[in-house]
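Down below is the structure, laid out as structure tokens.
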Amino acid sequence: MGIKKRAFTLISIFLFFSTNFILCRSALRKSQEKKPRIEVSEIDKPKNIYYFINNNLEINPIFKTFDKQFFYQNMLPEKIVYRYDKTKYASKEELNEKLENLIKEIYKKKKLYTDFTILKQKDFNRGEKSGLLILKFKNYPFVVKMFMENPKSFVQPYSKGICPSFFFDMSGGIGRHLLGFTRIKNLHYIQEKISQESEWKDKITIPRKWYWLPKNPKNIKITGKNFLKNNNYIETIIPGTYCLIADEINLKDAKLSMSNRNSREKCMSLCNFLDVRIDPNMNNFLLEKNTDKIAIIDTEHYPTIVGLKEKQKFSGYLTWYYEMVARWLDTMYFKPKSIAK
């Protein structure tokens with residue numbers, strides 16, 4: 001699969017640069033049409049407005065991904081019993097203290113944190129204090145995904161790398177910050193579906209997840225223009241800073257591998273069973289120590305990531321790669337503005 005992956009990467013890079021710098025808009029969209037526009041500001045600083053205009057922006061990913069009621073129903077509870085040791089627990093109060101201090105250290109641009117070990121930081125901009133930072137509590141068996149965004153960084157989707165730029169175009173305007181709001185709702189769907197299927201219910205495990213908000217989440221207001229036929233504005237308010245807290249999974253040294261046919265078939269079969277609501281990327285499937293269960297660690301809603309409007313199945317990973325490139329081409333060149341809305 002190494003050759004196929006390299007070929008896909010080269011094709012992707014070529015398509016990205018050729019489209020964004022040579023042909024910036026679909027040929028099917030008339031130049032006189034008003035393009036969708038978002039204006040973004042921090043609630044506490046309403047006069048500092050940043051805007052972004054793009055033909056591919058859609059209402060659902062930007063304005064309907066954040067479900068406020070669901071978010072607050074799935075906040076960190078007062079007490080969390082440990083996954084692997086039911087005699088121990090952590091209180092919300094003590095985790096709050098560690099997380100609030102983490103935010104203070106982030107704003108001081110520290111490279112190391114008192115109570116956390118960094119697991120992944122390549123998608124986090126320390127200077128701008130924006131992006132996704134993945135950490136692990138030093139003294140508690142939990143992983144933290146810290147999402148931070150501000151109005152300026154929110155309207156710079158093409159500054160976050162090639163892959164996020166692809167997904168932004170394909171999805172209609174989604175980014176990691178908004179995708180974080182899909183993780184727990186999608187987790188509930190996956191758990192329910194797996195629990196009803198004998199083939200999978202004893203082979204799959206998923207870490208528990210909760211949302212957490214700091215005392216000052218720096219809420220962001222997003223206003224959309226030129227999305228509706230009656231020219232009315234549409235708006236939403238989302239947390240500028242929030243966390244996803246999840247169980248730390250004890251993992252085996254052995255891993256599922258793209259070079260192994262059985263691993264590929266098993267993971268794609270699981271994805272198809274779940275209506276491809278999870279990303280088929282092999283890195284999202286790990287093996288739990290002692291149980292040999294497949295742990296699904298990433299529960300972002302995949303149809304939202306790539307803008308799928310209908311259920312879809314893939315016969316294998318090569319088909320999946322091809323379909324994603326084809327979808328992106330279709331989005332960039334052949335999607336009329338009426339569909340983009």
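Note that the structure is a prediction, hence the values are computed from the model and not measured. All heavy atoms count here, side chains included; hydrogens, waters and symmetry mates do not.
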[X], [atom1] atom: more than 12 neighbouring heavy atoms under 6.0 Å:
X: R261; atom1: CZ; value: no
X: F70; atom1: CZ; value: yes
X: K92; atom1: NZ; value: yes

Distance-only side-chain donor-acceptor flag, [X] / [Y], under 3.5 Å:
X: R37; Y: N226; answer: no
X: E128; Y: Q156; answer: no
X: E265; Y: S269; answer: no
X: N54; Y: Y158; answer: yes

[X] [atom1] to [Y] [atom2] distance, which is reported to the nearest 0.5 Å:
X: I62; Y: I234; atom1: CD1; atom2: CD1; value: 9.0 Å
X: T304; Y: I174; atom1: OG1; atom2: CD1; value: 6.0 Å
X: K193; Y: I204; atom1: NZ; atom2: CD1; value: 13.0 Å
X: E288; Y: N250; atom1: CD; atom2: CG; value: 7.0 Å

- Relative to each other, are the rings of F181 and H177 parallel, tilted or perpendicular (30° and 60° limits)?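 F181 vs H177 ring planes: perpendicular.
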- When the ring planes of Y242 and Y211 are compared, do they come out parallel, tilted or perpendicular, using 30° and 60° as the limits?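 Geometry flag for Y211 against Y242: perpendicular rings.
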- Task: For residues F66 and F71, establish whether the separation of their ring centroids is below 6.0 Å.
- Result: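 Yes.
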- Message: Testing W212, W210, Y140 one by one against L95 for a side-chain contact (heavy atoms from CB on, under 4.5 Å), which residue passes?
- Response: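 When side-chain contact (heavy atoms from CB on, under 4.5 Å) is applied between L95 and each of W212, W210, Y140, only Y140 qualifies.
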- Message: On the six-membered ring of Y89, is K79 placed so that its NZ or CZ lies under 6.0 angstrom from the centre and within 45° of the ring axis?
- Response: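 Verdict for Y89: a cation-pi partner in K79.
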